[in-house]
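Read the structure below first, then the notes.
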2 protein chains.
Amino acid sequence: MTRAKQKTLLEACRQQGLRITGPRRVILEVLSAAEDHPDVEELHRRVAAIEPGVNIATVYRTMTKLTEQGLIERHVFEDGRLRFERAPEVHHDHFIDVETGKVVEFRSEEIERLQEEIAEKYGYEIVSHRLELYVRPRSGS
Amino acid sequence: MTRAKQKTLLEACRQQGLRITGPRRVILEVLSAAEDHPDVEELHRRVAAIEPGVNIATVYRTMTKLTEQGLIERHVFEDGRLRFERAPEVHHDHFIDVETGKVVEFRSEEIERLQEEIAEKYGYEIVSHRLELYVRPRSGS
DNA sequence: CGCCCAGTTGCAAACGGATCGCAATTAGAG
DNA sequence: CTCTAATTGCGATCCGTTTGCAACTGGGCG
């Protein structure tokens, strides 16, 4: 299954005319395997585990390219770092555990709809949005 | 009315036991008058217009203090800079005009409620949240 | 099959926002 | 008025990100 995703991402790159170089191939592999929302440093670490010698600047540049192509999504959470995830077919929002930093995805049709409604009321058109719920595991009960 | 707010903020500081120094007095004045969501550089600029010589590090430090005391709210929008606004009595969210960067506030009870609902479903307790709608003025109609 | 060059990379320097160490200053309690 | 802890200005520093540049290379074309 990871394999399927991987192929898709790599092929998407080819279609966009991006050169498939050694470093890039590894970065795509790492991105395809990622189930979370790693920052650049973390991506670089994972890449280095497969193929040392890839410079972090290359990771930055590749992420910029992929974001421009719409193949991945870039987030900036409260810590200010850039984080990435493969572009999902349908948009989703995020829970962020304030203690562990762990990110969980969710989607609410109702919230999506309400946002549109409110924007319209104000005379706006939504270009994109960001909803992050900073949470902790429900204690007690 | 600005006067009323100003007094409140300054008095709140006194109550918290913060020393009211020259620089601080000016920063509080600027914050009280602000209707928008300035970043530190902008705050510093406004402060300097009233009283030159206040160092930007002082602005940073003061904002940190005020945030810790819960007197102001700190935001990090997509541009990654720290932005501030006076702590509102009731929470609100933001529209951000993608072209001008202008920030407009709104509040939706329904969305607030839905967030709680969803968090509960996932077994979380919401500590805080952030909802930003990046928009442009509705064209056409 | 090899040439060629625009795209890509590694490296180091630069950048920009935010923070910090330190010595000098000062608010404000007693 | 005094005394001390809080605050300030200043410069250095941090850290994530970007950039300039020379070397390298993928992959289209002959």
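Note that these values count all heavy atoms, side chains included, but never hydrogens, waters or copies made by symmetry. Owing to the predicted nature of the structure, the values given are computational and were not obtained by experimental measurement. Residue numbers begin at 1 in each chain, while the letters A, B, ... track the order of the sequences.
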Calculate, to the nearest 0.5 Å, the distance between atoms [atom1] and [atom2] belonging to [X] and [Y] respectively.
| X | Y | atom1 | atom2 | answer |
| --- | --- | --- | --- | --- |
| H75(A) | R130(A) | NE2 | CZ | 9.5 Å |
| R138(B) | Y122(A) | CZ | OH | 14.5 Å |
| E78(A) | S128(B) | CD | OG | 6.5 Å |

Throw together a table of side-chain donor-acceptor distances under 3.5 angstrom for residues 53-62 of chain B, partners on residues two or more places apart or in other chains.
residue : atom : partner : partner atom : Å
N55(B)  : OD1  : A57(B)  : N            : 2.8
T62(B)  : OG1  : T58(B)  : O            : 2.8

[X] bridged to [Y] by N-O distance under 4.0 Å:
| X | Y | answer |
| --- | --- | --- |
| D39(B) | R46(B) | no |
| E117(B) | R113(B) | yes |
| E105(A) | R107(A) | no |
| R83(B) | E42(B) | no |

- L82(A) side chain, from C-beta outward: closest of dT9(C), dT17(D), dG11(D):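 Taking heavy atoms from C-beta onward, the closest nucleotide is dT17(D).
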
- Could you please name the option among dG17(C), dG9(D), dG10(C) that lies closest to any side-chain atom of Y60(B)? dG17(C)

- What are the two closest heavy atoms between L71(A) and C13(A), and how far apart are they? CD1-SG, 3.8 Å

When the distance from [atom1] of [X] to [atom2] of [N] is rounded to whole Å, what number comes out?
| X | N | atom1 | atom2 | answer |
| --- | --- | --- | --- | --- |
| D79(A) | dA18(C) | CG | P | 14 Å |
| M63(A) | dG16(D) | CE | C1' | 15 Å |
| H75(B) | dA18(C) | NE2 | P | 14 Å |
| E68(B) | dT19(C) | CD | C1' | 13 Å |
| R81(B) | dT17(D) | CZ | P | 16 Å |
| I56(A) | dT19(D) | CD1 | P | 16 Å |

- Query: Does the dG26(D) base have a donor-acceptor partner in the side chain of R24(A) within less than 3.5 Å?
  - Reply: no

- Donor-acceptor pair present, R61(A) side chain and dG20(D) base, under 3.5 Å: yes

- Starting at the 5' end of DNA chain C and moving along, which residue's nearest nucleotide shows up first, T62(A) or G80(B)?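 The residue whose closest nucleotide sits nearer the 5' end is T62(A).
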
- Message: Assuming nearest nucleotide by heavy-atom distance, tell me which of R83(B) and G53(A) is located more 5' along DNA chain C.
- Response: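 Per heavy-atom nearest nucleotide, the more 5' residue is G53(A).
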
- Heavy atom of residues 41-51 of chain B under 4.0 Å from DNA chain D: which residues?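 Residues of residues 41-51 of chain B that come under 4.0 Å of DNA chain D do not exist, since none gets that close.
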
- Query: How would nucleotides 25-30 of chain C be written as a contact map, 5' to 3', with B for base contact, S for sugar-phosphate-only contact and - for no contact, using protein heavy atoms under 4.0 Å?
  - Reply: -BBS--

Contact under 4.0 Å: [X] side-chain N or O vs [N] OP1/OP2:
| X | N | result |
| --- | --- | --- |
| K65(B) | dT7(D) | yes |
| T58(B) | dG9(D) | yes |
| N55(A) | dC11(C) | yes |

- Query: Do the rings of F95(B) and F106(B) sit parallel, tilted or perpendicular, given the 30° and 60° boundaries?
  - Reply: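 The arrangement is tilted - the two ring planes meet at 30° to 60°.
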
